[in-house]
There are 2 protein chains.
Amino acid sequence: MTTPSQTEADFLAAYDPRAFDSPLSPVDVVIFTLHQQQLKVLLVRRHNFPHKDRWAFPGGFVDQHHDATLEAAALCKLTEKTGVTTPYLEQWGAVGNATRDPRGWSITVLYFALIPFAEPPADSDARWFTLDDALTLNLAFDHSELLPKVVERLRSKVLYTVMPAHLIASPFTLSELQRAYECVLGRELEKKAFRRRLETAGVLEATGNSTREGAGRPAAFYRLRPECASFNFNRQLGHPG
Amino acid sequence: MTTPSQTEADFLAAYDPRAFDSPLSPVDVVIFTLHQQQLKVLLVRRHNFPHKDRWAFPGGFVDQHHDATLEAAALCKLTEKTGVTTPYLEQWGAVGNATRDPRGWSITVLYFALIPFAEPPADSDARWFTLDDALTLNLAFDHSELLPKVVERLRSKVLYTVMPAHLIASPFTLSELQRAYECVLGRELEKKAFRRRLETAGVLEATGNSTREGAGRPAAFYRLRPECASFNFNRQLGHPG
DNA sequence: CAAATAGTGTCTGTCAGACATTATTCT
DNA sequence: AGAATAATGTCTGACAGACACTATTTG
């Protein structure tokens with residue numbers, strides 16, 4: 001294969017990418033939002049084989065000519081299904097084995113995204129499911145196995161980040177943000193401790209206005225400082241009780 | 001492509017994996033150890049194009065017939081270069097773009113491993129480099145860009161895990177473990193706080209014996225409880241000062 | 001006024017940082 | 001004894017949990 005006098009340029013000129021079987025390499029995005037006090041996941045119904053007509057994460061193959069990077073490919077899948085262009089987007093990891101896709105060895109790179117609620121575009125094949133419903137569906141490929149793992153990451157990171165701020169519309173009140181944390185964690189938080197933590201971290205900034213929305217004292221509006229989008233606290237929120 | 005009456009079985013029977021260009025999909029492993037109070041990285045010299053003769057992380061393509069999973073493929077690369085069969089092995093993530101490999105679109109799945117020091121097998125093309133040296137080399141592919149990112153993950157996880165225990169031979173003394181933390185972090189830790197933290201977490205177990213190694217009072221030996229290999233503390237070690 | 005929601009005061013417990021002190025070995 | 005290393009005692013400060021309290025709005 002490599003002769004003694006061959007140069008790198010010779011090698012590349014002669015290189016045929018189809019000479020070897022490469023695994024399939026899809027990119028999938030688990031998109032979360034919060035709506036009506038419930039954590040929801042966006043799923044699309046598959047129109048093609050394999051697993052035609054089953055629900056799945058938005059995703060697909062990298063377009064080698066149009067996508068410059070993996071992250072760009074993931075963002076593209078997300079924007080296509082939601083219209084959102086600047087989500088919180090994080091790579092969960094890669095999952096690869098011989099059995100997850102009936103077509104053969106497949107390595108998916110899984111991302112997850114957090115966006116404020118919006119109805120999918122009218123022409124879309126995508127639908128929001130509550131997390132509980134999504135967990136009971138028999139999703140395409142190994143997506144039913146992956147979903148709980150992605151949720152686990154989300155729940156564990158919520159204990160030391162401001163991730164729930166990305167699930168709601170900005171600006172928001174502290175009570176709204178606290179409810180977002182509570183929906184993700186599935187338990188209540190102490191109001192005072194919650195506010196003190198955000199206050200001393202300095203991750204939020206007040207926006208001049210107040211709301212009134214019905215009864216009660218109006219709340220101040222805040223937004224996440226953009227440079228704090230991935231802020232990490234030194235301590236985790238404590239365990240319940 | 002999909003006709004109305006086609007079944008999943010028909011589809012799979014007709015499916016040709018080579019009909020589409022798949023990106024290249026290597027698996028690479030960044031292997032760390034601790035030797036002579038220094039954090040070291042294992043690199044191999046490339047014998048083939050591209051980037052012949054440059055140093056690189058151990059890695060290569062998945063063997064679709066012999067590797068059942070991505071993790072098995074990573075473990076296989078590691079064992080081949082070090083002889084170690086049960087390292088601490090964690091996926092760092094996937095990196096994919098059109099430019100990282102001159103042969104074309106390539107998605108690497110990057111793992112990192114922590115092992116107690118051992119010389120590479122005699123017939124091996126692998127060599128330990130101090131981290132500082134490795135960071136100055138011009139490595140193959142984008143490995144010089146990736147190395148600092150992997151190190152960043154290591155350093156940040158050391159603040160709330162027992163990862164350095166995997167870098168040293170077991171059993172170990174508390175002083176040895178503390179030195180391992182200090183080598184990774186590049187700063188000194190408070191002895192009492194360090195011990196109290198491990199004590200109250202209950203992640204170590206004493207092994208009956210004591211050592212003497214030269215001067216001073218002999219220290220007790222401990223090993224990491226296997227079920228605590230991925231233990232997470234609720235609080236991070238504080239920032240220096 | 002009462003109900004509802006926003007926001008604060010303050011006590012307690014946990015645990016990391018700092019550093020002084022004691023313990024056990026060797027030469 | 002003195003040097004070297006291991007191990008402990010204990011004070012302080014940061015910050016989370018708990019919960020009672022005050023503040024501001026609408027009806």
Side-chain angles (χ1 to χ4, degrees), chain A residues 37 156 158-162 164 168 171-182 185 187-223 231-241, chain B residues 37 156-162 164 168 171-182 185 187-222 231-241:
Chain A
Q37 314 275 41
S156 71
V158 161
L159 297 174
Y160 60 92
T161 66
V162 290
I168 57 181
F172 44 76
T173 69
L174 293 178
S175 296
E176 285 164 358
L177 182 58
Q178 182 173 344
R179 275 195 295 276
Y181 274 79
E182 290 170 342
L185 290 174
R187 72 170 210 261
E188 301 201 330
L189 298 178
E190 280 302 315
K191 178 165 61 169
K192 182 57 200 258
F194 179 78
R195 286 163 184 242
R196 189 179 38 210
R197 187 171 150 103
L198 291 168
E199 167 68 35
T200 68
V203 290
L204 301 183
E205 61 191 359
T207 76
N209 306 326
S210 264
T211 179
R212 51 197 66 248
E213 45 177 292
R217 173 175 170 178
F221 273 139
Y222 297 86
R223 78 175 132 248
F231 179 82
N232 283 252
F233 293 91
N234 290 345
R235 300 197 193 174
Q236 294 198 333
L237 290 175
H239 310 292
Chain B
Q37 315 275 45
S156 70
K157 287 198 73 166
V158 161
L159 297 175
Y160 60 92
T161 66
V162 290
I168 58 181
F172 45 77
T173 69
L174 293 179
S175 297
E176 286 163 358
L177 182 58
Q178 181 173 344
R179 274 196 295 276
Y181 273 80
E182 290 170 341
L185 290 174
R187 70 171 210 261
E188 301 201 329
L189 298 178
E190 281 303 315
K191 178 164 61 169
K192 183 58 201 264
F194 179 79
R195 286 162 185 243
R196 187 180 38 210
R197 187 170 149 104
L198 291 167
E199 167 70 36
T200 68
V203 289
L204 301 181
E205 60 191 0
T207 74
N209 305 326
S210 264
T211 179
R212 54 198 66 246
E213 46 177 291
R217 173 176 169 178
F221 273 140
Y222 297 86
F231 180 81
N232 282 251
F233 293 92
N234 290 344
R235 301 195 192 177
Q236 294 198 336
L237 291 175
H239 309 292

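Any value given below was found using the heavy atoms of this structure, including those in side chains, with hydrogens, waters and symmetry copies removed. This structure is a prediction, so every number in the text was calculated from the model and none was measured. Note on naming: letters A, B, ... go to the chains in the order of the sequence lines (proteins, then strands), and numbering restarts at 1 for each one.
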- What nucleotide, of C/dA18, C/dA6, D/dG17, holds the atom closest to the side chain of A/Glu190? D/dG17
- Task: Answer with yes or no whether B/Lys192 presents, from its side chain, a donor or acceptor under 3.5 Å of a partner atom in the base of C/dA16.
- Result: no
- Message: Output the rounded distance in Å from CZ (B/Arg217) to P (D/dT8).
- Response: 7 Å
- Would you mind reading off the distance between A/Asn234 atom CG and C/dT14 atom P, rounded to a whole angstrom? 20 Å
- Let me know, please, whether A/Leu174 or B/Arg235 comes out on the 5' side of the other along DNA chain C by nearest nucleotide. A/Leu174
- Query: How are the rings of A/Tyr160 and B/Tyr160 set relative to one another: parallel (under 30°), tilted (30 to 60°) or perpendicular (over 60°)?
  - Reply: tilted
- Item | Shortest non-hydrogen contact between A/Leu189 and A/Glu182, atoms and distance | N-OE2, 2.9 Å
- Note on the structure: Here the distance between atom P of D/dG17 and atom CD of A/Glu188, to the nearest Å, is 14 Å
- Message: Within the supplied structure, the quantity of interest is the number of heavy atoms (other residues, nucleotides, ligands) at a distance under 6.0 Å from B/Glu205 CD; does it exceed 12?
- Response: yes
- Item | Spacing between B/Gln236 atom CD and D/dA16 atom P, to the nearest angstrom | 13 Å
- Task: Mind checking B/Arg196 for me? I need base, sugar-phosphate or nothing, with any heavy atom below 4.0 Å counting as a touch.
- Result: base
- Note on the structure: Whole-Å distance, A/Gln178 CD to D/dA16 P, equals 14 Å
- In whole angstrom, give the distance that lies between atom CZ of B/Arg179 and atom P of D/dA4. 15 Å
- Message: Between B/Arg197 and B/Leu237, is there a side-chain heavy-atom distance shorter than 4.5 Å?
- Response: yes
- Message: Please determine whether a side-chain nitrogen or oxygen atom of B/Ser175 lies at a distance below 4.0 Å from atom OP1 or OP2 of D/dA6.
- Response: yes
- Message: If you only use heavy atoms from C-beta on, which nucleotide in C/dT8, D/dA16, D/dA6 is closest to the side chain of A/Lys191?
- Response: C/dT8
- Task: Evaluate the side-chain proximity of A/Phe233 to A/Val162: yes if any heavy-atom separation is below 4.5 Å, no if none is.
- Result: yes
- Return the value, rounded to whole Å, for the distance between atom CD of A/Glu176 and atom C1' of C/dA6. 12 Å
- Please report, rounded to the nearest Å, how far the P atom of D/dG17 is from the CG atom of A/Leu237. 6 Å
